[in-house]
Asker: 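Just passing along the structure, written as structure tokens.
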Amino acid sequence: MDKIIIQGGKPLNGIVKISGAKNSALPIMAAGLLAEGTSVLKNIPDLLDIRTLIKLLEGFGAKVQFNQDQITLNAHHITNTEAPYELVKTMRASVVVLGPLLARMGKARVSLPGGCAIGARPIDRHLKAFEAMGAEIKVEAGYVEATAKKLHGATIIFDDITVTGTENVMMAAVLAEGTTIIHNAAREPEVTDLAEYLIKMGAQITGAGTDTITIQGVERLQGAPHSVIPDRIEAGTYMMAFAMTGGTGQVTHVVPEHFASLTAKMREAGIEITESETEVFVKGPQKIKSVDVVTHPYPGFATDFQAQFMAMMAIADGTSTISENIFENRFMHVGEMLRMGADIRIEGKLAVVKGVSHLSGAPVMATDLRASASLILAGLVAEGETEISRVYHLDRGYEVLEKKLSQLGAQIWRV
Ligand code: EPZ
């Protein structure tokens, strides 16, 4: 069980290149199943979740090569349509193979993802949408069994925003008979990125990035080249690391608009941020001001920034409230931060964070991907040594994190 040790108190300075977005690469790799030809996908981050999905795709019979940041994917022969529990339980995003398998093969047997630390995370909205498109859904022995001779277009109105739900329906609709309209669609950049790849494959999609997406089904799709958008969550995490440690730094190969809500909040907190087309420059202030945050679907403040932002507010000057509206249990990092001397009180969906003069290093435990990133940030500013266990959560979402951080001056190493 790897651990990460951090000696806090060092300012971070320098330039960090941001990797491709995990949450864009995953649905795009799954969409590769829709074509009989070869797709070359670029800017793919080398993460545990990516490797898990490659195993799943190979299990279906796809041929996958992964070198540097490029994946060559050929899904000509799909010989199996089952996603086994032992793989799906390690990565709930595996659910994105449902849509493509249903569309291409007319059937899929995918283990239910099961809950995870941040909530039950059901997929009821995905399944209801597939039924509206003519699929027959059975849930038994912990598996979803979906079959559809031929999916047909439908009008889908999501009760509430679901990112992978929107992606799954889009991937099912591109080969369905007729037109599918998705209302209350997710507007995340990763949804738009997936739509752009599908369109290159020959799909007919309009409205991606808005709350209404229209898909006109086509006969077949071809493989296509695509480069995945940068990871906005990784970018924001490093921006907060520069700000919290009082350093001066730059994140490059980013799309600043994808995390505009975070930038606005950081400026409100007194952090100097300047942007160019593909990079953002951050200068940490003497003292960070406390600001309130409410997580919301894109273009609102992303829930994936919430834990990291809380670490920053824990040492800010004043009291801030952080309201988590997307997941029912995404405050697991609070208990760990309290061990480091933070002053945080939870009232239902609201965390009240009273800034303290400093945090103290302590042994803490990572619980989910973004919580582990928040503990790293807390460790970077804490006095003394912080030891973070269960860091496999980190490896799921951040490429060579401790290497990138030590290049910026952090005293951090993995044991
Ligand atoms: C995506 O998860 C991301 N993962 C998450 O990032 C991100 O936190 C989340 O969107 C919200 O932005 C990927 O893209 C692979 P949702 P997803 O469906 O699609 C409830 C990370 O850190 N819901 O938008 O699973 C659900 O329980 C991960 O990289 C239902 O009730 O999220 C949640 O409370 C963590 N029924 C809310 O909606 C459904 O059928 C939003 O979920 C679907 C969702």
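In this chain, residues are counted from 1 in sequence order. Below, all heavy atoms of this structure are taken into account, side chains as well, without hydrogens, waters or symmetry copies. Predicted, not measured: the structure shown is a model, and the values here were computed from it.
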Asker: Distance-only, no hydrogens or angles: does the Asn325 side chain make a donor-acceptor pair with backbone N or O of His296 under 3.5 Å?
Answerer: no
Asker: Which residues satisfy the ring pair (Phe, Tyr, Trp, His ring centres under 6.0 Å) test with Phe309, sequence neighbours excluded?
Answerer: Phe301
Asker: Can a salt bridge be assigned to the pair Asp46 and Arg51 using a cut-off of 4.0 Å between side-chain N and carboxylate O?
Answerer: yes
Asker: Would you confirm whether Lys289, through its side chain, and Ile271, through its main-chain N or O, come within 3.5 Å as a donor-acceptor pair?
Answerer: no
Asker: Quick one: ring pair (Phe, Tyr, Trp, His ring centres under 6.0 Å) pairs with a partner in residues 189-224, sequence neighbours left out?
Answerer: Tyr197-His226
Asker: Quick one: salt bridge (charged side-chain N to carboxylate O under 4.0 Å, His left out) pairs with a partner in residues 99-112, sequence neighbours left out?
Answerer: Glu82-Arg109, Arg109-Glu145
Asker: Keeping Glu347 on the side-chain end and Lys349 on the backbone end, is there a donor-acceptor pair under 3.5 Å?
Answerer: no
Asker: How would you list, by chain and number, every residue that makes a side chain to side chain donor-acceptor pair (under 3.5 Å) with Thr52, sequence neighbours excluded?
Answerer: none
Asker: Would you call Asp304 and Arg330 a salt bridge, using N to O less than 4.0 angstrom?
Answerer: yes
Asker: Using side-chain heavy atoms (C-beta onward) and a distance below 4.5 Å, is Leu408 in contact with Tyr238?
Answerer: yes
Asker: Among pairs that include at least one residue of residues 147-159, which meet salt bridge (charged side-chain N to carboxylate O under 4.0 Å, His left out), considering only residues two or more places apart or in two chains?
Answerer: Lys128-Asp159
Asker: Can you check side chain to side chain contact (heavy atoms under 4.5 Å, CB included) on Met312 and Leu377, steps first, answer last?
Answerer: CA-CA 8 Å; Met312 188 158 78; Leu377 294 183; over 6 Å; no
Asker: Is it true that a side-chain atom of Asp343 and a backbone atom of Val356 form a donor plus acceptor pair closer than 3.5 Å?
Answerer: no
Asker: Once side chain to side chain donor-acceptor pair (under 3.5 Å) is applied, do any residues pair with Thr274, and if so which ones, sequence neighbours excluded?
Answerer: none
Asker: Going by atom type alone, with no hydrogens or angles, which donor-acceptor pairs under 3.5 Å involve a side-chain atom of residues 21-29 and a protein atom two or more places apart or on another chain?
Answerer:
| unit_1 | atom_1 | unit_2 | atom_2 | d |
| --- | --- | --- | --- | --- |
| Ser24 | OG | Asp193 | OD2 | 2.6 |

Asker: Shortest non-hydrogen contact from Leu198 to Met171?
Answerer: CD1-CG, 4.3 Å
Asker: Could you check if a side-chain atom of Arg414 sits within less than 4.5 angstrom of a side-chain atom of Asp395, using non-hydrogen atoms only?
Answerer: yes
Asker: If we only count heavy atoms from C-beta on, is the Arg187 to Pro297 side-chain gap below 4.5 Å?
Answerer: no
Asker: Taking Glu336 for its side chain and Met365 for its backbone only, find out whether a donor-acceptor pair lies under 3.5 Å.
Answerer: yes
Asker: According to the ring pair (Phe, Tyr, Trp, His ring centres under 6.0 Å) rule, which pairs have a member within residues 27-73, sequence neighbours left out?
Answerer: none
Asker: Cut-off 3.5 Å, side chains only: do Asp292 and Thr321 have a donor facing an acceptor?
Answerer: yes
Asker: Which of these passes side-chain contact (heavy atoms from CB on, under 4.5 Å) with Val169: Thr162, Thr180, Thr164?
Answerer: Thr180
Asker: Tell me, which pairs form a salt bridge (charged side-chain N to carboxylate O under 4.0 Å, His left out) where one or both residues lie in residues 222-239, sequence neighbours left out?
Answerer: Glu190-Arg232, Glu234-Lys404
Asker: Taking Ser19 for its side chain and Glu399 for its backbone only, find out whether a donor-acceptor pair lies under 3.5 Å.
Answerer: no
Asker: Over all heavy atoms of both residues, which pair between Thr237 and Ala373 is shortest? Give the atoms and the distance, please.
Answerer: CG2-CB, 4.2 Å
Asker: What pairs meet the salt bridge (charged side-chain N to carboxylate O under 4.0 Å, His left out) rule with one or both residues in residues 194-221, with sequence neighbours excluded?
Answerer: Glu36-Arg220
Asker: Hey, is the main chain of Gly61 close enough, under 3.5 Å, to the side chain of His77 for a donor-acceptor pair?
Answerer: no
Asker: Of all residues at least two apart in sequence or in a different chain, which pass the side chain to side chain donor-acceptor pair (under 3.5 Å) check with Gln222?
Answerer: none
Asker: Verify side chain to side chain contact (heavy atoms under 4.5 Å, CB included) between Leu394 and Ile388, making sure each step is shown before the conclusion.
Answerer: CA-CA 10 Å; Leu394 265 178; Ile388 302 168; 5.7 Å; no
Asker: In chain order, what residues pass the side chain to side chain donor-acceptor pair (under 3.5 Å) check against Lys10, with sequence neighbours excluded?
Answerer: none
